Every structure is written in C-alpha cells, then in structure tokens.
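Each chain gets a letter, A, B and so on, in the order the sequences are listed, and its residues count up from 1. Fair warning: this is a prediction, and the values are worked out from it, not measured in the lab.
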2 protein chains.
Amino acid sequence: MTLMDEKPRPKAATLQTIADALGVHRSTVARALNAEERHRITPDVVKRVTEEAERQGYRRDIIAASLRTGKSRLVGVIVPDLANPVFSTILDGVSAALTGRSYSMLVADAGVPLGKQAEIVDALVGRRVDGLILATAMRNDPTVSFCLGLKVPTVLVNRAEDTLRASSVVADDHRGMGLAIAHLAELGHRRIAHIGGPEAVSTGCLRRQGFQDAMVSAGLGATRIVSADSYARSAGASAARQIFACWPDTTAIAAGNDLLALGALEYMRERGIGCPGEVSLTGFNDMPFIDLVDPALTTIRVPQHEMGKAAADMLLGAIEGPGRPPELQRLPVTLVVRSSSCATASGPREDRREGLPSDLLLPRA
Amino acid sequence: MTLMDEKPRPKAATLQTIADALGVHRSTVARALNAEERHRITPDVVKRVTEEAERQGYRRDIIAASLRTGKSRLVGVIVPDLANPVFSTILDGVSAALTGRSYSMLVADAGVPLGKQAEIVDALVGRRVDGLILATAMRNDPTVSFCLGLKVPTVLVNRAEDTLRASSVVADDHRGMGLAIAHLAELGHRRIAHIGGPEAVSTGCLRRQGFQDAMVSAGLGATRIVSADSYARSAGASAARQIFACWPDTTAIAAGNDLLALGALEYMRERGIGCPGEVSLTGFNDMPFIDLVDPALTTIRVPQHEMGKAAADMLLGAIEGPGRPPELQRLPVTLVVRSSSCATASGPREDRREGLPSDLLLPRA
DNA sequence: TTGAAAGCGGTACCAA
DNA sequence: TTGGTACCGCTTTCAA
C-alpha cells in the first residue's frame with residue numbers, strides 16, 4: 001500500500017527521465033530523437049533511446065521548444081464571424097494548407113463590432129504566433145498597423161487595405177461585379193440598381209466601383225446605388241426598400257454579396273415583387289448552399305477555400321523566408337448563372353450570348 | 001554608423017529589460033505586473049514598473065509562463081469538417097464561452113476519413129492544451145480512449161459515446177426524431193421512410209432508434225430504413241434512390257440530418273417527385289440558411305451555438321476543478337415546421353398508387 | 001517589501 | 001559520437 005503511495009504518479013516523460021533510465025546525457029537523448037541530428041549518434045543508442053521514449057510515452061514539449069527557439073509554429077487567424085459560412089470555408093482552406101506542415105491554427109472571432117480586435121491581436125501575439133491571417137481588414141485598418149508595428153508576419157485575406165502594406169489574398173471583386181452587370185445587361189436590363197456593401201471594407205468599395213465602371217461602359221447610368229452598413233440580411237432588405245422607393249422602375253438589382261441579396265429577396269417576396277419575373281437579382285460570393293434558395297441565386301463565385309489556402313501558403317512563405325515585400329494575390333472569380341436572373345419583359349438583346357467570355361456561359365443550375 | 005550597428009534591434013521587452021531600466025529586480029517587476037501580487041508592492045514601484053512596461057511595449061510571454069506553470073490556457077477543438085456550418089456554429093459557441101476568460105482556441109479539422117485523428121490529438125497534446133473538445137466522436141472511439149489515457153480533460157460535443165467515459169454535450173436526438181415522426185403522422189403519413197446517418201456515430205444511431213420507436217408507438221411499421229454511410233448530400237441522394245426503388249409508395253421521408261434531406265430533395269427534383277406535394281420531407285439540425293431552400297425544410301432545431309458554449313463551459317469547469325465524474329448534458333430540441341411537409345393529398349390511409357407495378361411507379365414526373 | 005535563485009523542458013554551442 | 005552547459009522568459013519559494 002505504502003509502496004503505491006510512494007509512486008502516486010508516473011511523472012511525465014522528459015528528455016531527462018529517458019536519459020536517467022538509460023544512463024546517458026539528455027542532450028544525447030535529444031539528438032537521438034531529432035531526425036536532423038540522429039545521424040551523428042550510434043545506431044544502437046538511437047534504438048535504445050527510441051524504445052525507452054516509446055515505453056515512457058514521451059512527447060516532445062512544443063512549449064519548451066518554442067521558448068528556446070522563439071518559433072511557435074502557431075498561426076493566428078482572426079475572422080469577423082465564425083458562424084458565417086464564407087469565413088468558415090476560408091478557415092477550412094487555411095487549415096488545409098497548415099495540415100502536415102506541423103503548424104497549428106489559433107482561431108479568434110473578432111465579433112461584429114470588431115471592437116476587441118486589438119485585444120485579440122494582443123492575446124495572439126502574446127502567444128507568440130509566428131504569423132497572423134486577418135479576414136477582418138478595413139481599407140485602412142489600425143489593427144494592420146498594429147501588427148505591422150509588431151513585426152509579426154501578417155497576411156490579409158478576402159478583404160485588403162487600400163495600400164499594399166501587408167500581403168493580401170483577395171478575389172477579383174471589381175471584375176466580378178463587372179461580370180454580374182454584363183450578364184444583366186445582356187439580358188436586356190438597363191435600369192439596374194446596386195446594393196453596396198460597407199464602404200469601409202475593400203469588397204464593398206471595389207464591387208461598387210465595379211458596378212459603376214461596368215454600368216458606364218455599358219452606356220447605362222450608375223446612379224441607383226444604396227450602400228448597406230453591414231453585410232447582413234436585414235441591411236439588404238432595407239436597402240431594397242430604399243431602392244424601390246427611389247426608383248420604382250428598377251428591373252434588376254446587383255447586390256454586394258449573397259447575404260444582401262437574400263435580404264433583398266425577402267423584401268421583394270414580402271412586397272409581392274416577383275423574382276426573377278419582375279426584378280432580376282444577383283449576389284456575390286456563391287456561399288455554401290446559396291444554390292438552394294428559391295429562386296436559386298445567380299451570383300459570382302469566389303474561391304473561398306482557395307483564398308484561405310493561398311493566404312496560409314503566403315504566410316508560411318513570409319515566416320520561413322522573411323524580408324520579402326508585400327505581395328497581392330487576386331484570385332479569379334466566375335459568374336454562376338442560376339434562376340434569379342432572366343431577360344426583361346421587353347426581351348434580351350438579340351446578341352445576348354455573343355462576345356462574352358466563356359465563363360459567362362455556364363449552364364443554369 | 002558603428003553606433004547604430006551596435007544597437008540594431010531594440011530587443012523585445014521582458015521582465016529583465018524593465019528591471020534593468022528601473023534598477024529593480026525582475027521578480028519585483030513580475031509582481032508589480034501581476035494583479036494577484038501587486039498588493040505586496042509599493043504603489044510607487046508599481047506605478048513606475050507599469051509605466052516602463054508600457055513604454056517598452058512589454059507583453060507577457062505566455063509561452064514562458066506556460067512552461068513554468070504547466071498550464072497553457074489553450075483549448076483544442078477537433079471538428080470533422082470546418083466547412084460544415086453545423087460545426088462552425090458549434091465553434092462559434094465555443095469561442096463565445098472562451099472569450100474574456102483568457103483562453104484561446106486551437107482548431108483542428110480532422111478531415112473526412114478521420115484517419116489522422118491520433119496525429120491531431122498528438123499535436124494538440126504536444127502543445128500542452130489544458131483540455132480538448134471533440135466534435136468527432138464515434139460511439140466507441142479509440143481517440144477518446146487515447147485522450148482519457150493521457151488524462152487530458154476532454155468533452156465530447158454533438159456526438160457522444162455509448163458509454164459515458166467522457167463528459168458530453170449533445171442534443172436530444174432520440175426525442176427530436178420522435179417529434180419529426182409525430183409531425184408527419186399527424187399530417188396523415190403512414191408509409192414513412194428514414195434515411196439514417198452513419199451507424200457508428202451517436203446521432204445516426206439515436207435518431208434511427210428514435211424513428212423506430214416513434215413509428216412503433218404510432219402503430220406504423222418501421223422497416224423503411226436506409227442508412228447512409230456519411231452525412232453528405234450525395235449519400236442522401238443515393239439513399240433516396242434506394243428508398244423509392246424498394247418502397248415506391250412512400251409518402252414521407254425523415255432524414256437523419258439536413259444534408260441528407262438536401263440530397264434526397266435533389267434526387268426527388270431530378271426525378272420529378274414533388275416535395276411536399278407527393279412526398280413530405282424532414283431534416284435534422286436546422287443548419288444556417290436551411291430555411292431558404294425551396295421548399296423551406298421542416299426540421300428539428302438543434303441548438304448548435306449553445307451546445308458549443310455548454311461544452312466549453314463544462315470543459316473549463318473540468319480544467320479548473322478536476323476530478324469530477326463525467327457528466328452528460330442533453331440539450332432540448334424543437335420541431336420547426338416549414339414547407340417541405342404537408343398533409344397527404346388523399347387522406348391518411350389511402351394509397352392511390354397501390355397495385356401498380358413498381359417499375360411504373362418510379363418515373364413519376 | 002524586495003532580492004536571490006531554482007527551475008519548467010527543450011535547443012544549441014563548445015569541448016572532449 | 002557524446003557530455004556539459006548556458007540560456008529562452010516567467011513563476012515561485014525562501015531569505016533578507
């Protein structure tokens with residue numbers, strides 16, 4: 001009984017406990033257990049160490065190693081909203097890139113007000129993350145300044161700043177909105193309105209710019225714009241209300257993202273405005289399951305998973321080979337035509353499927 | 001020039017650098033900066049230390065602290081699929097519970113085959129996580145044995161084991177399926193089929209059990225069961241195909257989760273089988289945006305966010321007050337009636353398709 | 001109230 | 001090839 005009491009816990013295995021059991025020095029054990037160093041050790045010693053380590057259930061303490069080396073092999077990811085499938089898909093991409101590279105992912109939800117951003121970055125940096133991925137950036141973001149000042153390798157994803165201070169991976173927002181407008185114009189629409197996303201983030205700004213430019217080059221007026229203050233369904237609904245109040249003869253709406261489009265759809269349904277019969281609608285993002293809504297939403301596909309993966313790859317590059325200049329990667333987007341857009345009652349232009357890039361010609365889902 | 005070379009980098013602030021600047025000992029600095037110890041220090045010293053720390057931009061090194069204390073204030077969360085909104089919502093709940101408690105969340109995606117589970121746990125444990133939340137558990141899961149053997153506080157969420165070896169937070173799956181069947185029976189359906197989830201996970205098993213029990217107590221036969229081998233749309237579609245091949249007169253399908261229901265819906269649409277006109281359909285989970293599909297899915301609402309939050313709370317409890325027995329928390333579910341279920345067209349007991357050879361019944365369109 | 005010192009468990013460099 | 005040792009930055013006990 002007392003014997004058991006004397007050894008109540010086996011004590012976690014460390015290099016020292018293995019060294020003690022084998023009568024060698026712990027630095028020898030360390031080398032035998034390190035693939036890079038193993039070759040300088042007698043095979044027999046390596047074998048004995050390996051076996052003893054196995055027997056004791058030894059696992060290298062990454063914390064201790066991090067303290068010494070100054071590298072944590074930890075990446076912090078900050079998203080504005082974990083529950084938004086767009087961001088969890090990006091996260092999935094990040095995870096895919098990190099997997100097998102022995103990096104782990106610390107995830108933080110900045111929350112809607114984004115107010116706690118600084119605290120969160122602080123917590124992550126305090127954990128000595130080797131790098132940071134921000135999916136929350138505003139066009140001129142103090143948080144980015146903060147990270148840059150800390151000299152933590154930082155990559156922005158999905159949303160970029162106006163100036164390229166930090167490496168960024170984004171979608172081609174400007175062109176994407178251009179595709180949507182070209183599509184609607186080809187269907188014969190001329191009185192097209194835009195529900196813009198928040199002006200403070202790049203996606204809101206660039207997609208609105210894309211709307212204006214595309215309208216102008218199609219010879220149409222780009223005045224029917226209402227900007228939402230957040231990417232939320234409710235904001236989309238109230239923007240739609242404003243649009244129909246100001247310009248009742250609108251025949252198509254290009255929304256700044258899928259959520260805004262969903263809100264517009266709700267408003268239209270409530271008001272008995274048929275979609276696409278009376279008003280065509282397009283979204284942006286092609287978020288998961290958006291193909292299932294009624295009517296299936298015509299939208300711009302953004303490669304969220306790939307964006308996350310690319311951002312992580314870029315970050316690991318910056319971590320492992322520091323000192324390179326910021327880099328911008330703009331991923332291509334495609335138009336996905338579904339059922340929420342159709343020709344105007346007056347009919348599409350006769351050449352409606354000519355002269356368009358092939359990615360506009362996707363079959364309807 | 002040489003002067004600059006001599007001080008190339010300002011060097012990160014540590015307790016020592018602050019102590020040096022102030023001419024005090026670093027343990028004094030440590031105490032001044034620690035809210036628990038501050039009271040034993042002269043207010044003037046506290047003030048000077050605080051200011052100097054601020055000036056140098058000091059941030060406590062959690063890694064070093066962890067090494068010393070053996071507590072990382074890190075929680076590992078393993079999910080089967082980050083891109084699945086059900087799990088990202090659970091994650092959101094976990095995050096909410098951790099926020100402000102100075103715990104951070106290490107997220108790992110186990111991937112579909114779940115094969116790398118052991119590796120992932122290994123990596124997380126190597127990082128000295130204080131506890132683990134598993135959303136991946138099978139009914140008898142070697143990974144859980146592994147965690148338990150490691151004596152790492154572990155909480156299962158969403159899916160539990162058959163025996164209560166680890167604390168678990170789940171939804172009331174059995175009762176949920178009972179609600180769905182009661183709803184369909186009330187609408188007059190009698191020939192109800194079930195698309196079961198994987199037998200190896202508790203949700204699949206319990207919901208199927210719930211189906212059988214509810215059918216029996218409604219005086220109906222519980223033989224129309226096809227089990228899918230994964231919770232995927234494609235699996236739902238092929239299960240639906242089997243159902244209509246074996247039992248063409250089926251008037252309602254209760255699916256094991258929303259994704260399976262979606263798959264069934266796709267199959268039915270493809271085959272021209274009207275929903276809910278010809279066949280009613282129910283899902284399970286009420287995942288985000290599932291209310292937008294056409295037809296809006298009648299389903300069982302599972303409080304995913306709350307489950308995540310409860311699991312995190314339970315885990316923190318176990319971490320901070322160890323040694324308590326495993327606990328099971330079963331959260332209530334509710335029926336959400338939408339448009340994918342409706343009363344049978346021709347009354348409860350009639351079978352307008354009876355007597356026809358099944359090969360004629362298949363192409364309903 | 002403050003100082004001194006011993007670690008936590010690795011890593012990495014120098015010596016033998 | 002192996003041993004010895006000095007840290008990494010913080011916590012914590014013991015003295016002063």
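- Each of B:Val24 and B:Leu67 was assigned the nucleotide of DNA chain C with the nearest heavy atom; the assignment lying further toward the 5' end belongs to B:Val24.
- Considering B:Leu156, B:Leu134, B:Thr154, B:Val155 in turn, B:Leu156 is the only one that fulfils the side-chain contact (heavy atoms from CB on, under 4.5 Å) rule with B:Ser168.
- When heavy atoms are screened at a 4.0 angstrom cut-off, B:Thr14 is found touching the sugar-phosphate backbone but no base atom.
- Judged by atom type and distance alone, A:Arg31 reaches the base of D:dG3 through a side-chain donor-acceptor pair under 3.5 Å.
- A:Leu33 places a side-chain heavy atom less than 4.5 Å from the side chain of A:Tyr58.
- The side chain of B:Asp61 lies closest to D:dG9 when the candidates are C:dG10, C:dG3, D:dG9.
- Of the candidate nucleotides C:dA12, D:dT11, D:dC10, D:dT11 has the atom lying nearest to any side-chain atom of B:Thr69.
- In this structure the side chain of A:Val75 reaches within 4.5 angstrom of the side chain of A:Ile133, judged on heavy atoms.
- Between B:Ser145 and B:Arg165, the side chains place a donor N or O and an acceptor N or O closer than 3.5 Å (distance only, hydrogens not considered).
- Residue A:Ala64 places its side chain closer to C:dG9 than to any other of C:dT2, C:dG9, C:dA12.
- B:Glu37 has its CD atom 12 Å from the P atom of C:dT1, to the nearest Å.
- Between the CZ atom of A:Arg127 and the P atom of D:dG9 there is a distance of 18 Å, given to the nearest Å.
- When rounded to the nearest whole Å, the span between CD1 of B:Ile62 and C1' of C:dC8 equals 17 Å.
- Between the CG atom of A:Leu33 and the C1' atom of D:dT2 there is a distance of 16 Å, rounded to whole Å.
- In this entry the distance linking CG of B:Asp20 with P of D:dG9 reads 12 Å, nearest Å.
- The CZ atom of B:Arg40 sits 13 Å away from the P atom of D:dC14 (whole-angstrom rounding).
- Among the nucleotides D:dT5, C:dT11, C:dG9, the one closest to the side chain of A:His25 is D:dT5.
- Mapped onto DNA chain D by nearest heavy atom, A:Thr42 and B:Ala30 fall at different nucleotides, with A:Thr42 at the one closer to the 5' end.
- With D:dC10, C:dG9, C:dG10 as the choices, the nucleotide that has an atom nearest any side-chain atom of A:Leu15 turns out to be C:dG10.
- A salt bridge does not link A:Glu51 to A:Arg55: none of the charged side-chain nitrogens sits closer than 4.0 Å to a carboxylate oxygen.
- Phosphate contact (OP1/OP2 of C:dT11, side-chain N/O of A:Arg60, threshold under 4.0 Å): present.
- By the 4.5 Å heavy-atom criterion applied to side chains, B:Leu132 and B:Val121 are counted as neighbours.
- Interface remark: the A:Arg68 side chain does not form any donor-acceptor pair with the C:dG9 base, using a distance-only criterion of under 3.5 Å.
- One finds a side-chain N or O of B:Thr28 lying less than 4.0 angstrom from the OP1 or OP2 phosphate oxygen of C:dG3.
- Put simply, B:Arg26 has no side-chain N or O that comes within less than 4.0 Å of OP1 or OP2 on C:dT2.
- Remark: P of C:dA12 and NZ of A:Lys71 are 12 Å apart, rounded to the nearest angstrom.
- In this structure, B:Glu36 atom CD and D:dT13 atom P are separated by 13 Å, rounded to whole Å.
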